[in-house]
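Below is one structure, written out as structure tokens, with a few remarks after it.
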Amino acid sequence: MLSASKVARWFLTKNRADADGCEDSFLTPMQLQKLLYYVQGYFLGCYGRPLFEENINAWKHGPVVTLVYDEYKNFAGGGIRVFEECADGEFEPKELRAMQIVYDKYSRY
């Protein structure tokens, strides 16, 4: 099973490639948390098991994976400018498919 941090890095790497250097298009911490929530639900629904092991907590403004929140909270409401790489080869095909579907559908919101 993956860690939520690894899934978050994939979303950030994918988003950075799609943003093409435009900082206004980078994901905010809140957007990242929601993507994690959606991909966890999608994966549970499709495969009957969680994608990552960490719990998702219900906070005032939405779902939060505390470990990931702590990693990126210093970006506040701004875009996350982290340039760590996360290669697709680190994931199983069904994990990549779920993350890509959720990213394509919800990352713009």
Gap separating the CD atom of E71 from the CD1 atom of I80, nearest 0.5 angstrom
9.5 Å
Distance col, row D88:CG vs K14:NZ, nearest 0.5 angstrom, shows 8.0 Å
Just grab all the salt bridge (Lys or Arg N to Asp or Glu O under 4.0 Å) pairs involving residues 50-61, residues at least two apart or on different chains.
none
Classify the ring geometry between W10 and Y103 as parallel (under 30°), tilted (30 to 60°) or perpendicular (over 60°).
perpendicular
Kindly give the cluster partners of L67, where membership spreads through any ILVMFWY side chain lying under 4.5 Å from a current member.
none
Partners passing side-chain hydrogen bond (donor to acceptor under 3.5 Å, both in side chains) against N55 (at least two apart in sequence or in another chain):
none
What residues, two or more places apart in sequence or in another chain, satisfy side-chain hydrogen bond (donor to acceptor under 3.5 Å, both in side chains) together with D70?
none
Can you list everything that forms a side chain to side chain contact (heavy atoms under 4.5 Å, CB included) with K6? Sequence neighbours excluded, please.
L2, S3, R9, C86, E90, F91
Would you mind reporting whether K105 and V102 have side-chain heavy atoms less than 4.5 Å apart?
no
How would you list, by chain and number, every residue that makes a ring-ring contact (aromatic ring centres under 6.0 Å, His included) with Y69, sequence neighbours excluded?
W59
Applying ring-ring contact (aromatic ring centres under 6.0 Å, His included) to Y72 and not counting sequence neighbours gives none
Report, one line per pair, each donor and acceptor closer than 3.5 Å where one atom sits in a side chain of residues 31-52; sequence neighbours left out.
unit_1: Q31; atom_1: OE1; unit_2: T28; atom_2: N; d: 2.8
unit_1: Q31; atom_1: OE1; unit_2: T28; atom_2: OG1; d: 3.3
unit_1: Q31; atom_1: NE2; unit_2: Y109; atom_2: O; d: 3.2
unit_1: Q33; atom_1: OE1; unit_2: V65; atom_2: N; d: 2.7
unit_1: Q33; atom_1: NE2; unit_2: V65; atom_2: O; d: 3.4
unit_1: K34; atom_1: NZ; unit_2: H61; atom_2: O; d: 3.3
unit_1: Q40; atom_1: OE1; unit_2: L51; atom_2: N; d: 2.8
unit_1: Q40; atom_1: OE1; unit_2: F52; atom_2: N; d: 3.2
unit_1: Q40; atom_1: NE2; unit_2: F52; atom_2: O; d: 3.0
unit_1: Y47; atom_1: OH; unit_2: R97; atom_2: NH2; d: 3.4

Can you get from V68 to M30 by hopping between Ile, Leu, Val, Met, Phe, Trp and Tyr side chains that sit under 4.5 Å apart?
no
